[in-house]
Amino acid sequence: MTEEKTESPYQRIYTLVKQIPPGYVCSYGCLGQKVGCTARTVGFALSALPARNDVPWQRIVNSKGMISPRADGGSNLLQRDLLEIEGVCFDGTNRIDLNAHGWSFP
DNA sequence: TTGTTGACTCTGA
DNA sequence: CTCAGAGCCAACA
């Protein structure tokens, strides 16, 4: 609890996301405020994540509670699938109930 | 060094 | 309710 300075906001974002328990989700802006950056920086940080990592990026969605159409392929569908497996439920428009699954950091 | 881009958010119509 | 435009921060060439 003393050596924390040269770490870029990216590293902080990853650390916060790792602290999110399964069955819960968080928005970009929420993480952005924790690291002191904007939502764009958070999204950019997750976009730089490797295919295999210890960061549950799937638990990160936009303010609307919807999965961002990041890029073609199916990662968005994969993200929704992973969330459903973890216990997150979607409404009739691919939206997550942030009031029930919205996670808040201590 | 500057300029461009990006998984966003907000406000207005 | 939905659609569109502008703003913000950080990394890369």
Side-chain angles (χ1 to χ4, degrees):
Chain A
M1 51 240 316
T2 47
E3 27 283 306
E4 297 169 32
K5 51 199 116 192
T6 53
E7 294 189 334
S8 294
Y10 278 42
Q11 204 60 31
R12 286 193 174 183
I13 293 167
Y14 302 145
T15 302
L16 286 170
V17 176
K18 288 183 191 175
Q19 292 179 33
I20 302 176
Y24 285 85
V25 297
C26 190
S27 62
Y28 295 94
C30 184
L31 293 169
Q33 290 191 350
K34 305 306 178 195
V35 302
C37 300
T38 56
R40 292 201 109 150
T41 308
V42 178
F44 201 48
L46 298 176
S47 70
L49 278 170
R52 264 76 138 153
N53 57 46
D54 299 329
V55 182
W57 57 272
Q58 66 246 35
R59 292 176 194 151
I60 310 303
V61 295
N62 58 24
S63 298
K64 297 171 200 161
M66 299 204 315
I67 300 171
S68 298
R70 193 171 60 57
D72 286 341
S75 301
N76 345 37
L77 301 175
L78 174 63
Q79 181 172 3
R80 196 185 94 171
D81 188 37
L82 290 169
L83 291 171
E84 288 186 312
I85 292 170
E86 294 192 343
V88 178
C89 54
F90 287 66
D91 69 3
T93 129
N94 290 346
R95 263 192 235 170
I96 303 172
D97 187 350
L98 298 177
N99 299 295
H101 299 285
W103 173 252
S104 186
F105 290 95

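By convention in this document, chain letters (A, B, ...) are assigned in the order of the sequence lines, proteins followed by strands, and residues within each chain are numbered from 1.
One interatomic measurement links the two molecules: CZ of Arg40(A) to C1' of dA10(C), which rounds to 11 Å at whole-angstrom precision. The separation between Ile13(A) atom CD1 and dC9(C) atom C1' is 10 Å, rounded to whole Å. Rounded to an integer number of Å, the gap from Leu31(A) CG to dC8(C) P is 21 Å. Rounding to whole angstrom units, CH2 of residue Trp57(A) and C1' of dA7(B) are separated by 9 Å. The distance from atom CG of Leu46(A) to atom P of dA10(C) is 15 Å, rounded to the nearest whole Å. Atom pair Met66(A):CE and dT2(C):P shows a separation of 8 Å (rounding to whole Å applied).
For Lys64(A), the NZ atom sits in a loose shell: 12 or fewer heavy atoms of surrounding residues, nucleotides or ligands are nearer than 6.0 Å. Counting heavy-atom neighbours within 6.0 Å of Tyr24(A) OH, excluding the residue itself, gives a total of 12 or less.
Nucleotides dC8(C) and dG12(B) are separated by 15 Å at their P atoms, to the nearest Å.
Contact annotation: side chain of Tyr10(A) to base of dA11(C), donor-acceptor pair absent below 3.5 Å.
Considering only the side chain of Ala39(A), dC8(B) comes nearest among dC9(C), dA7(B), dC8(B). Between dG6(B), dC8(B), dT2(C), one nucleotide has an atom nearer to the side chain of Arg95(A) than all others, and that is dT2(C).
For the pairing with Val55(A), the side-chain contact (heavy atoms from CB on, under 4.5 Å) check across Leu49(A), Thr15(A), Ile13(A) returns one residue only, Leu49(A). The only option from Arg59(A), His101(A), Arg80(A), Gln58(A) that meets the side-chain contact (heavy atoms from CB on, under 4.5 Å) definition with Val88(A) turns out to be His101(A).
No engagement by Arg59(A) is indicated, since no non-hydrogen atom pair under 4.0 Å with the nucleic acid exists. Here Ser63(A) lies in heavy-atom contact (under 4.0 Å) with sugar-phosphate atoms only.
Remark on DNA chain C: of its neighbouring residues Thr93(A) and Thr38(A), the 5'-side contact belongs to Thr93(A), judged by nearest-heavy-atom nucleotide.
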